[in-house]
Amino acid sequence: MAKELRSLPGVNKVLTDERFSRMAKEYSHDLAVSVIREELERQRESIQAGKSGDFLDVIVDNALERLAAIFTPSLRRVINASGVILHTNLGRAPLSDDALKAMAVAGYSNLEFDLDSGSRGQRHVHVEDLLCRLTGAEAAFVVNNNASGVMLGLSALAKRKEVIVSRGQAVEIGGGFRVPDVMRQSGAKLIEVGTTNRTYSRDYEEAITPSTCALMRVHSSNFKLVGFTSEVALEELAAIAKKHNLMLLDDLGSGSLLNTTAFGLAAEPMVQQSVKAGASLTFFSGDKLLGGPQAGIIVGEKQYIDKLKRHPLARALRIDKTRLTGLAVTLMHYLKDEAVAKIPIWRMIAAPLKDIEKRAGIWAKACGAKVIDGETMVGGGSLPGGSLPTKLVVLPGGSALAKKLRLQTMPVIGRVEKDHLLLDPRTVLPEEDDIVIKALTSLAVK
Ligand SMILES: *Cc1c(COP(=O)(O)O)cnc(C)c1O
């Protein structure tokens, strides 16, 4: 072992190796030295574990591979053939071409600069008017994501006061976002009323004390209470809030600007309805059914939005210029009535089954697979149980095949069920079909 260890090349020997220095010349000397040290350390450990060390050639190869790996972006594009449209692990909503183009602007911007007066401006003005026009709200504000929007709202308006929530809505929404925890973090005191499955308006009324400041509804996005259940409608909550001079806060989670029932889906609460029903503030995500970049959108009464804008947390939770630009363009798609044609998630939701069937047939042909009926999930904590009919390409080979497709230059992500790999064309845009077909063809050849 000692002899093997001694025969390992030194750092300099690898560094000056003709092939290494030629291939690594675009990298800094320090980086090259550090990857060589890492590789030699691994060689030492392997020899000490009783294995034999590699020759210089192999060490050079490994060091070069280590260098290449550093410069291979870890976060990259994948093809989502999983059949879940808003897949949180896959980055939720893909963006429209127009939004992406707008986000790629070079140079400076008037992010917080009023071009008219030449003085300091505010970043939210770039979307506030659009949001008000679309939702009918008086005012709007945008932060980093919806969880931070709710946190800001409660911190600014409900600190040390009581907020009444139905027990059936005080839930974990996914990714560890627990409504009760977020409320506690904000300093608001959560008062849970009703039972898990049934809550009546008298439950809210009886819980009101002089310390109560708000009633809150949380859309139970990712699960559905079925059977013997009862929830109080937002309109009713608004009436109670008004009678007792309380705020009504509505966390919609996904929130949709389009009527999902028009696409054969279950009804997802619409932002416009929430505003109209009398919510003081309505909270929703930018990257769920809106189909835009990650953002937390808050719309509602100006007196409350103004308080949020002035709160110190607003600065900590602010959204960046790139996403703000993408959000504005996404909102314009709705105002121009072109959301279904331009926003990827709506294109997927609206895609006719016969088009999907045709594409599934072409995919299946590329690899000799079968096509079966299936369902696409909307996902992303919206529309619990909400699904659309689809056609799935079924491949035998389950998780081993799934891995092969994941490790392609452009990873294709499917869904493994039992011993089969399922691929859903509905969550893949037709422009991406060539990539999938190429991947499937290469599998068939191997
Ligand atoms: C998804 C969701 C959130 C969190 O939204 P993010 O944008 O992921 O922060 C909060 N509340 C509800 C009801 C949700 O569905």
Side-chain angles (χ1 to χ4, degrees), residues 84-95 127 131 140-155 158 163 165-186 188 190 192 199 214-225 231 234 237 248-257 260 265-271 273-274 277 279 281-300 308 313-314 316-320 323-324 326-327 330-331 345 377-386:
V84 180
I85 294 178
L86 293 169
H87 199 307
T88 298
N89 301 154
L90 303 183
R92 289 200 187 145
L95 298 167
V127 290
L131 282 166
F141 192 53
V142 179
V143 288
N144 183 63
N145 62 335
N146 187 35
S148 63
V150 173
M151 175 93 177
L152 171 64
L154 290 169
S155 304
V163 176
V165 184
S166 159
R167 191 157 276 127
Q169 297 173 0
V171 296
E172 174 165 332
I173 279 142
F177 179 86
R178 288 194 170 166
V179 176
D181 290 346
V182 172
M183 294 184 75
R184 265 191 293 278
Q185 280 293 326
S186 70
L190 172 71
E192 291 181 40
T199 306
L215 307 183
M216 183 159 179
R217 175 177 81 160
V218 182
H219 180 47
S220 52
S221 336
N222 56 354
F223 74 101
K224 201 155 121 184
L225 281 173
E231 278 197 88
L234 196 66
L237 285 182
L248 174 60
L249 307 176
D250 191 16
D251 176 11
L252 287 183
S254 187
S256 182
L257 291 176
T260 49
L265 286 165
E268 176 73 15
M270 292 173 70
V271 184
Q273 287 169 345
S274 173
L281 291 179
T282 303
F283 304 85
F284 59 105
S285 288
D287 55 354
K288 290 184 179 172
L289 280 176
L290 188 77
Q294 180 189 303
I297 303 168
I298 312 162
V299 300
L308 267 52
L313 259 186
L317 302 175
R318 74 186 185 186
I319 187 174
D320 72 284
R323 285 186 287 142
L324 200 53
L327 179 61
T330 306
L331 294 171
I345 61 150
M377 306 301 295
V378 175
S382 57
L383 297 161

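As the structure is a computational prediction, the values presented were derived from the model and not from experiment. Atoms within a ligand are numbered from 1 in the order they appear, just like the ligands themselves.
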Participant: Would you check if the side chain of Thr260 reaches a backbone N or O of Ala266 as a donor-acceptor pair within less than 3.5 Å?
Facilitator: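 Pair found, side chain donor or acceptor close to backbone of Ala266.
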Participant: Give a yes or no answer on whether the side chain of Asn146 reaches the backbone of Gly149 with a donor-acceptor pair at less than 3.5 Å.
Facilitator: no
Participant: Looking at Arg92, which atoms of ligand 1 are within less than 4.0 Å of one of its heavy atoms?
Facilitator: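 Under 4.0 Å from Arg92, ligand 1 has these atoms: 6 (P), 7 (O), 8 (O).
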Participant: Pick one: which of Val299, Leu249, Val150 meets side-chain contact (heavy atoms from CB on, under 4.5 Å) with Leu281?
Facilitator: Leu249
Participant: Checking the N or O distance criterion of under 3.5 Å, is ligand 1 in contact with Ser148?
Facilitator: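 N/O-N/O distance under 3.5 Å: no.
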Participant: Relative to the heavy atoms of His219, which atoms of ligand 1 are at a distance of less than 4.0 Å?
Facilitator: 13 (C)
Participant: State the atoms of ligand 1, each with its element, that fall below the 4.0 Å cut-off from a heavy-atom position in Ala147.
Facilitator: 4 (C), 5 (O), 6 (P), 9 (O)
Participant: With a cut-off of 4.0 Å, which atoms of ligand 1 are near a heavy atom of Ser285?
Facilitator: 5 (O), 6 (P), 7 (O)
Participant: Looking only at heavy atoms, what is the nearest atom pair of Val84 and Gly379, with distance?
Facilitator: CG1-CA, 4.0 Å
Participant: Could you point out which residue of Ile319, Leu324, Ile297 forms a side-chain contact (heavy atoms from CB on, under 4.5 Å) with Val127?
Facilitator: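 Among Ile319, Leu324, Ile297, the one that satisfies the side-chain contact (heavy atoms from CB on, under 4.5 Å) with Val127 is Leu324.
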Participant: Check whether any side-chain N or O of Arg217 sits under 3.5 Å from a backbone N or O of Leu248 as a donor-acceptor pair, and report yes or no.
Facilitator: no
Participant: Given Val218, Val143, Asp287, Asp251, which has its nearest heavy atom closest to atom 11 (N) of ligand 1?
Facilitator: Asp251
Participant: What do you reckon, does Lys288 have a nitrogen or oxygen under 3.5 Å from a nitrogen or oxygen of ligand 1?
Facilitator: yes
